[in-house]
Amino acid sequence: MVVLSAAIVKKDKTLVARQFVEMTRLRIEGLLGAFTKLVDSGKDHTFVETESVRYVYQPMEALSLVVITNKASNILEDLETLRLLAKVVQDCCEIQVSEENVLKHAFDIVFAFDEVISFGYRESVTLSQIKTYTEMDSHEERLHMMVEQSKINEAREMAKKKQMELAKQRALQPKDAAGPGFGSDSLPGIGPSSMGGSSFQDSMPSMGGGASFGNDTSAPWSSSMAEDSGPAPLKPGAPKKGMALGKKKNADVLGSMGISAEPTPSPEAVAEEPAAPAYNPLMDPVRVDIEEKITADLQVEGGLEGEAVCTGQFQVTVLDASKADLAAFRLAPQNQEFRYKIHPNLNKTSHANNVLEVREASRAYRANAPVPLVKWQYKSSNEDFLPVQISCWPSTTADGTQIVVELELTDTSITLEDVQIKFPAAASSRPQVSSAEPGEASYDGQSEVCWRIPVLDKSETNGTLEFVAKTDSASLLPFTFDAVRRGATKCPMEIAECYHMEKKDAIAFTCEK
């Protein structure tokens, strides 16, 4: 199967078109123009063939979603690709698939199409995976931005304090500190000699609006230049047109006199700036976050399809670098069935002995900078590796499709929290939930039916959801299952000790899994 292009068209124009193979603009415009003429011919089919290409299309409100392939492609695969693209378009347009919404979310649709089809071939992805790939919400990026913002706030606070100190120093300086050539009595008759001092200051680089030149070192320069000047000051009755100074030069002259040309910020204004977050001494100097994620594809009737993949990471954040800049961790014996990778800055020899420590002291941890030290992966084709079993029973009714879902917690030794099962459902399908036990299920009115169970444990291991929708079963599948388990991971990652690599002192830490 080779997909040449995927497009959303109207009778008279093309709204969005994404090409997956190299072709000219004239060719794609000719292909889409021919498609509109073939559809208008009155034939009621989901595909149309010409001598060179095949059009597989699906009406969407007043628009049409069309996939252009070569004639050698498998039409069943083409239809599956078309259905997935239709779900993508409905998800991107949110409320209704209309010309206005398609143009508004054109780039989102194109990016999502790229996740479905790559170089003309369909990728093995689901709608939930596409949403995850396009959103790309990164926890590490958020933490990095928070750390960078705290550094910016700290630098701004230090600059404000320095500015206040300089303002106080200038206020304490005597008014005649600038020397005899620039006394207060000589201001009404500034002569060409004093203008030389002003032009010298204009040629210097700016250091804060001229205020930084208000120190004692500028006075000898200005005084000597005034003494060496030959011409006398202008008379009071002389015209003053040639002596008018611009605003910038006035500020420079005042700066050379030790007078601030800018208003001094008040203490209240400085207090309004947010201060950098300080380390709380009541907190432990090290925080460890152990995160693990298990993903798998399940068959509709139940059972594992392919392999379940377990990935995780051991992440460390040093909150107090003065105590834990060289923190080291001694771990309990690790399960060698998992594949481990360690950070390049760590000592690999020590990791073989279940110790995590940096290679050398120059690679110490920075404060508030999360660092993943260890990552691991494990793949299993055994269904018992998953803590739940899910079966879906779709059936066709007179009004559309009825969906019945059975959920069972097979590992009763664990507790799952925030359990969510989501079915894609367009607004036109108007789904209605018949029953949901335990928890509750509802339709968000736009794109999905969501079944939420706060806690699933040994006290209640089974659940059932039932709802109906005015659409076919293909539009409601696949669905997604998400849940959270806290306090434990599949990979045994236990910290036996945390200590300073050089001092060998024990370091307190908090650990979340």
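Treat the numbers as computed from the prediction; the structure is a model and nothing was measured.
To the nearest 0.5 Å, atoms CE (Met493) and CZ (Phe338) are separated by 9.0 Å. One finds the CG atom of Leu465 at 9.0 Å from the SG atom of Cys392 (value rounded to the nearest 0.5 Å). Interatomic distance, CG of Asp482 versus CD1 of Ile421, reported as 9.5 Å (0.5 Å rounding). The structure places SG of Cys498 at 9.5 Å from CG of Asp284, a figure rounded to the nearest 0.5 Å. Interatomic distance, Leu373 CG to Gln315 CD, rounded to the nearest 0.5 Å: 8.5 Å. Atoms CG and OG1, on Asp457 and Thr415 in that order, are 4.5 Å from each other to the nearest 0.5 Å.
At least one test fails for Lys490 against the ring of Tyr378: distance under 6.0 Å to the centre or angle within 45° of the axis.
For the pair Trp393 (side chain) and Val300 (backbone), a donor-acceptor distance under 3.5 Å is absent. Here the side chain of Thr489 pairs a donor or acceptor atom with the backbone of Cys491 at under 3.5 angstrom. Here the side chain of Tyr443 pairs a donor or acceptor atom with the backbone of Ala427 at under 3.5 angstrom. In terms of modelled atom types and a separation under 3.5 Å, the side chain of Tyr340 and the main chain of Asn335 share a donor-acceptor contact. Between the Asn353 side chain and the Val355 main chain, no donor and acceptor come within less than 3.5 Å of each other. Under a 3.5 Å cut-off, the side chain of Arg359 and the backbone N or O of Pro344 do form a donor-acceptor pair. A donor-acceptor pair under 3.5 Å is formed between the side chain of Thr81 and the backbone N or O of Glu77. In terms of modelled atom types and a separation under 3.5 Å, the side chain of Ser73 and the main chain of Asn70 share a donor-acceptor contact. Here the side chain of Lys71 pairs a donor or acceptor atom with the backbone of Thr50 at under 3.5 angstrom. Remark: side-chain polar atoms of Thr401 are not paired, donor with acceptor, to backbone N or O of Thr396 under 3.5 angstrom.
With 3.5 Å as the limit, one finds no donor-acceptor pair spanning the side chains of Ser475 and Arg83. For Asp418 and Gln420, the side-chain atoms include at least one donor-acceptor pair closer than 3.5 Å. Checked by atom type, the side-chain pair Ser150/Asn153 shows no donor-acceptor distance below 3.5 Å. Between Glu466 and Gln402, the side chains place a donor N or O and an acceptor N or O closer than 3.5 Å (distance only, hydrogens not considered). With hydrogens and angles left out, the side-chain atoms of Trp376 and Glu292 include a donor and acceptor closer than 3.5 Å. Looking at Asn382 and Ser380, their side chains never bring a donor and an acceptor atom within 3.5 Å of each other. In the model, Ser5 has a side-chain atom that pairs as donor or acceptor with a side-chain atom of Gln19 under 3.5 Å.
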Next item on the list: Report the C-alpha distance between Glu494 and Lys513 in whole Å, list the side-chain angles of each, state the deciding distance to 0.1 Å, and finish with yes or no for salt bridge (charged side-chain N to carboxylate O under 4.0 Å, His left out).
Entry: CA-CA 10 Å; Glu494 302 294 335; Lys513 297 184 179 181; 2.7 Å; yes
Item checked: Trace of the ring-ring contact (aromatic ring centres under 6.0 Å, His included) decision for Tyr499 with Phe329 -> CA-CA 7 Å; Tyr499 60 92; Phe329 302 88; 8.5 Å; no
Note to self: Let's go through Val89 and Met60 carefully: what are the C-alpha distance in whole Å and the side-chain angles of both, what is the deciding distance for side-chain contact (heavy atoms from CB on, under 4.5 Å) to 0.1 Å, and is it a yes or a no?
What the structure shows: CA-CA 9 Å; Val89 174; Met60 303 185 72; 3.9 Å; yes
Margin query: As a quick check of understanding, evaluate salt bridge (charged side-chain N to carboxylate O under 4.0 Å, His left out) for Arg486 and Glu417, giving each step before the final call.
Written below: CA-CA 8 Å; Arg486 306 183 190 278; Glu417 302 177 11; 2.9 Å; yes
Item checked: side-chain contact (heavy atoms from CB on, under 4.5 Å) assessment of Val288 paired with Phe314 -> CA-CA 7 Å; Val288 179; Phe314 183 101; 3.6 Å; yes
Note to self: Go through it in stages, so that I can follow the logic: the residues are Gln90 and Val97, the test is side-chain contact (heavy atoms from CB on, under 4.5 Å), and I'd like the CA-CA distance, side-chain angles, deciding distance and then a yes or no.
What the structure shows: CA-CA 6 Å; Gln90 290 175 350; Val97 182; 4.0 Å; yes
Notebook entry, point to check: What do the steps show when you test Val48 against Tyr57 for side-chain contact (heavy atoms from CB on, under 4.5 Å), and what is the final call?
Noted result: CA-CA 8 Å; Val48 178; Tyr57 65 94; 3.8 Å; yes
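Contact check for Cys450 versus Asp444: no side-chain heavy atoms found under the 4.5 Å cut-off. Val318 is not listed as a side-chain neighbour of Asp325, based on a closest heavy-atom distance of 4.5 Å or more. Side-chain contact check for Thr397 versus Val468: every heavy-atom pair is 4.5 Å or farther apart. Taking 4.5 Å as the limit, every side-chain heavy atom of Thr69 sits out of range of all side-chain heavy atoms of Val53.
Crowding of Met23 atom CE: a count of heavy atoms from other residues, nucleotides or ligands under 6.0 Å exceeding 12. Residue Glu148 places its CD atom among more than 12 non-hydrogen atoms of other residues, nucleotides or ligands, all under 6.0 Å distant. For CD of Glu360, the number of neighbouring non-hydrogen atoms (other residues, nucleotides, ligands) closer than 6.0 Å is greater than 12. Arg54 CZ: more than 12 foreign heavy atoms inside a 6.0 Å radius. The neighbour count for Gln377 CD, taken as heavy atoms of other residues, nucleotides or ligands under 6.0 Å away, is above 12.
Under 4.0 Å is where a charged nitrogen must lie from a carboxylate oxygen, and between Lys104 and Glu100 no such pair does. One finds a salt bridge joining Lys10 and Glu99 here, because a Lys/Arg side-chain nitrogen approaches an Asp/Glu carboxylate oxygen to under 4.0 Å. Ion pairing of Glu357 with Arg330 is absent here, as no side-chain N (NZ or NE/NH1/NH2) approaches a carboxylate O to less than 4.0 Å. Lys151 has no carboxylate O lying under 4.0 Å from a charged side-chain N of Glu154, or vice versa, which leaves the two without a salt bridge.
Between Tyr55 and Phe35, the ring-plane angle classifies as tilted under the 30° and 60° cut-offs.
Taking every heavy atom of both residues into account, Pro431 and Ala426 meet most closely at CD-O, 4.3 Å. Leu416 and Ile414 make their closest contact through CD2-CD1, 4.0 Å (heavy atoms, listed as atom of the first residue, atom of the second, distance).
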